[in-house]
Amino acid sequence: MALIKKFTQFVESPGNAATGNGAVSSLPKIETRGMSFFYGTKQALHDINLKIQDRAVTALIGPSGCGKSTYLRSLNRMNDIIEGTRVTGDVLLDGEDIYDREVDVVSLRKRVGMVFQKSTPFPKSIFDNIAFGPRIAGLTKKSELQSIVERCLKQSALWNEVKDRLKDSAMALSGGQQQRLCIARALATNPEVLLMDEPASALDPASTARIEDLIFDLKQNYTIVIVTHNMQQAARVSELTAFFCMGRLVEIGQTKQLFTNPTEKETEDYITGRFG
Ligand SMILES: Nc1ncnc2c1ncn2[C@@H]1O[C@H](COP(=O)(O)OP(=O)(O)OP(=O)(O)O)[C@@H](O)[C@H]1O
Ligand SMILES: [Mg+2]
């Protein structure tokens with residue numbers, strides 16, 4: 001099916017900028033419709049209706065425990081690995097249900113890559129970290145792997161710092177460099193969507209600024225969904241912001257509008273620091 005066939009190609013589509021009134025246009029890259037999520041009997045997400053725009057950054061904000069990570073992980077079925085979890089409703093990628101029985105989860109995760117809060121390089125060389133995904137996909141030709149490694153390290157703004165030490169262990173890199181390496185690794189399988197769960201929360205201000213610059217560059221070619229506790233960061237990097245509270249989507253709107261003139265009182269209370 002198309003979801004499986006398409007994973008290696010970049011999807012050409014118009015910019016799909018958000019419309020002026022904070023609503024979103026009709027061609028989302030990802031859409032959840034009436035989506036609920038359960039850990040066993042505990043319901044963590046309730047009836048989420050959300051459209052994620054293509055080639056834009058969408059920030060997810062909200063108090064601890066409100067379901068941001070759960071929502072993010074449900075977009076590439078990372079929650080599948082947690083026993084007893086269940087999703088109801090629809091999660092659509094380019095209009096196709098990613099929970100359809102015929103979907104190949106490995107192919108899905110190539111299309112929808114993920115970067116975690118804590119950088120998680122493999123205890124391998126810098127080169128082998130990035131070549132890992134392409135090798136699993138069957139690529140063996142050294143020259144092709146070399147060009148992928150170089151492209152991804154350039155895209156993640158790490159090339160100049162590591163180009164002379166590609167054989168060194170990734171564990172010897174600084175925290176900020178490791179996080180950029182993880183972004184490079186996520187880019188190596190040519191994803192269309194990048195999910196980032198608090199990618200800069202463990203980093204110093206200079207490394208955080210580099211990651212934010214990187215997100216800004218990457219959105220030309222990728223759809224990015226980022227969870228952040230840092231509202232200044234959400235304001236700096238995202239076009240759209242979604243505010244979650246207690247497992248519900250309270251509101252989504254253009255970032256500027258949501259931070260200056262939220263529709264819901266709950267959102268206002270959160271962004272003004274009255275709770276959360
Ligand atoms: N593996 C799990 N098993 C059971 N419950 C879980 C599991 N992971 C998360 N939860 C629960 O689901 C709810 C949402 O958690 P989630 O991690 O998505 O929140 P979050 O918004 O990302 O919070 P934070 O900002 O602290 O990272 C919480 O009540 C949490 O305790
Ligand atoms: Mg979380």
Side-chain angles (χ1 to χ4, degrees), residues 30-52 57-91 98-99 105 108-109 112-120 175 178-179 182-183 186 193-203 207-208 211-212 215 223-238 240-253 255 258-259 262 264 266-276:
I30 295 177
E31 180 173 8
T32 52
R33 285 195 204 140
M35 189 264 240
S36 294
F37 186 89
F38 301 82
Y39 291 103
T41 53
K42 183 185 146 65
Q43 186 166 1
L45 294 172
H46 300 256
D47 191 26
I48 310 290
N49 293 293
L50 182 50
K51 292 177 180 175
I52 309 270
V57 179
T58 301
L60 310 182
I61 63 166
S64 182
C66 70
K68 304 177 298 293
S69 297
T70 301
Y71 182 76
L72 199 72
R73 289 195 303 260
S74 72
L75 302 181
N76 71 348
R77 295 185 50 172
M78 215 44 129
N79 287 321
D80 284 15
I81 54 182
I82 305 170
E83 208 168 317
T85 57
R86 188 162 61 89
V87 181
T88 60
D90 296 325
V91 182
I98 68 163
Y99 285 88
V105 179
L108 169 70
R109 292 191 190 135
V112 184
M114 193 153 194
V115 176
F116 301 92
Q117 174 175 19
K118 218 177 153 293
S119 53
T120 46
Q178 286 188 7
Q179 195 58 308
C182 289
I183 294 170
V193 180
L194 269 185
L195 308 174
M196 300 178 148
D197 197 348
E198 303 189 51
S201 65
L203 303 180
S207 301
T208 298
I211 299 284
E212 289 181 7
I215 291 169
T223 300
I224 297 175
V225 188
I226 178 172
V227 170
T228 178
H229 274 283
N230 179 330
M231 284 187 264
Q232 286 79 21
Q233 181 169 74
R236 282 193 295 265
V237 303
S238 70
L240 291 163
T241 296
F243 172 62
F244 282 72
C245 194
M246 296 172 73
R248 293 172 201 280
L249 172 66
V250 176
E251 100 177 72
I252 176 161
T255 296
L258 188 128
F259 282 114
E264 303 296 327
E266 263 176 303
T267 315
E268 185 179 339
D269 287 350
Y270 181 72
I271 62 178
T272 55
R274 276 198 278 272
F275 84 93

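The figures that follow rest on heavy atoms only: side chains count, while hydrogens, waters and symmetry mates do not. Both ligands and their constituent atoms are indexed starting at 1 by order of listing. Fair warning: this is a prediction, and the values are worked out from it, not measured in the lab.
Near Thr70, the atoms of ligand 1 lying under 4.0 angstrom from a non-hydrogen atom of the residue are 14 (C), 15 (O), 16 (P), 18 (O). When each atom of ligand 1 is checked for a heavy atom of Ala44 under 4.0 Å away, the hits are 12 (O). If you number the atoms of ligand 1 from 1 as listed, the ones under 4.0 Å from a heavy atom of Glu198 come out as 27 (O).
Side-chain atoms of Asn49 come within 3.5 Å of backbone atoms of Gly34 as a donor-acceptor pair (strictly under, hydrogens ignored). Looking at Ser36, its side chain does come within 3.5 Å of a backbone N or O of Asp47 through a donor-acceptor pair.
At the shortest separation from atom 17 (O) of ligand 1 among protein heavy atoms lies Ser69 CB, 3.9 Å. Atom 23 (O) of ligand 1 has its closest protein heavy atom at Gly65 N, 2.8 Å. For atom 26 (O) of ligand 1, the closest non-hydrogen atom of the protein is Ser64 OG, 2.5 Å. Scanning the protein for heavy atoms near atom 1 (N) of ligand 1, the closest one is Tyr39 CE2, 3.7 Å.
Residues Tyr99 and Ser74 have side chains that never bring a donor and an acceptor to within less than 3.5 angstrom of each other. Donor-acceptor pairing under 3.5 Å is lacking for the side chains of Asn79 and Thr85.
Ring-centre distance between Tyr71 and Phe37: not below the 6.0 Å cut-off.
Note: Glu268 CD to Phe243 CZ = 11.0 Å, rounded to the nearest 0.5 Å. Distance check: Ile52 CD1 to Glu31 CD gives 10.0 Å after rounding to the nearest 0.5 Å. Residue Leu195 holds its CG atom at 4.5 Å from CG of Leu72, rounded to the nearest 0.5 Å. Separating the CD1 atom in Ile252 from the OG1 atom in Thr255 is a distance of 8.5 Å, to the nearest 0.5 Å.
Contact between Gln117 and ligand 1 is absent, with no heavy atom of the residue lying under 4.0 Å from the ligand. At least one heavy atom of Cys66 sits closer than 4.0 Å to an atom of ligand 1.
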Pairs of donor and acceptor atoms involving the side chains of residues 223-232, under 3.5 Å and at least two apart or interchain, shall be tabulated with distances.
residue: Thr223; atom: OG1; partner: Asp54; partner atom: OD1; Å: 2.8
residue: Thr223; atom: OG1; partner: Arg55; partner atom: N; Å: 3.0
residue: Thr228; atom: OG1; partner: Asn230; partner atom: N; Å: 2.9
residue: Thr228; atom: OG1; partner: Asn230; partner atom: O; Å: 3.4
residue: Thr228; atom: OG1; partner: Gln233; partner atom: OE1; Å: 2.8
residue: Asn230; atom: OD1; partner: Gln232; partner atom: N; Å: 2.9
residue: Asn230; atom: OD1; partner: Gln233; partner atom: N; Å: 2.8

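The residue among Met246, Lys42, Arg73, His229 with a heavy atom at the shortest distance from atom 25 (O) of ligand 1 is His229.
Within the 4.5 Å cutoff, side-chain heavy atoms of Met114 are placed close to those of Arg73.
The Mg ion (ligand 2) has Ser69 OG as protein N, O or S atoms under 2.8 Å away.
Distances between N or O atoms of Gly62 and those of ligand 1 include no value under 3.5 Å.
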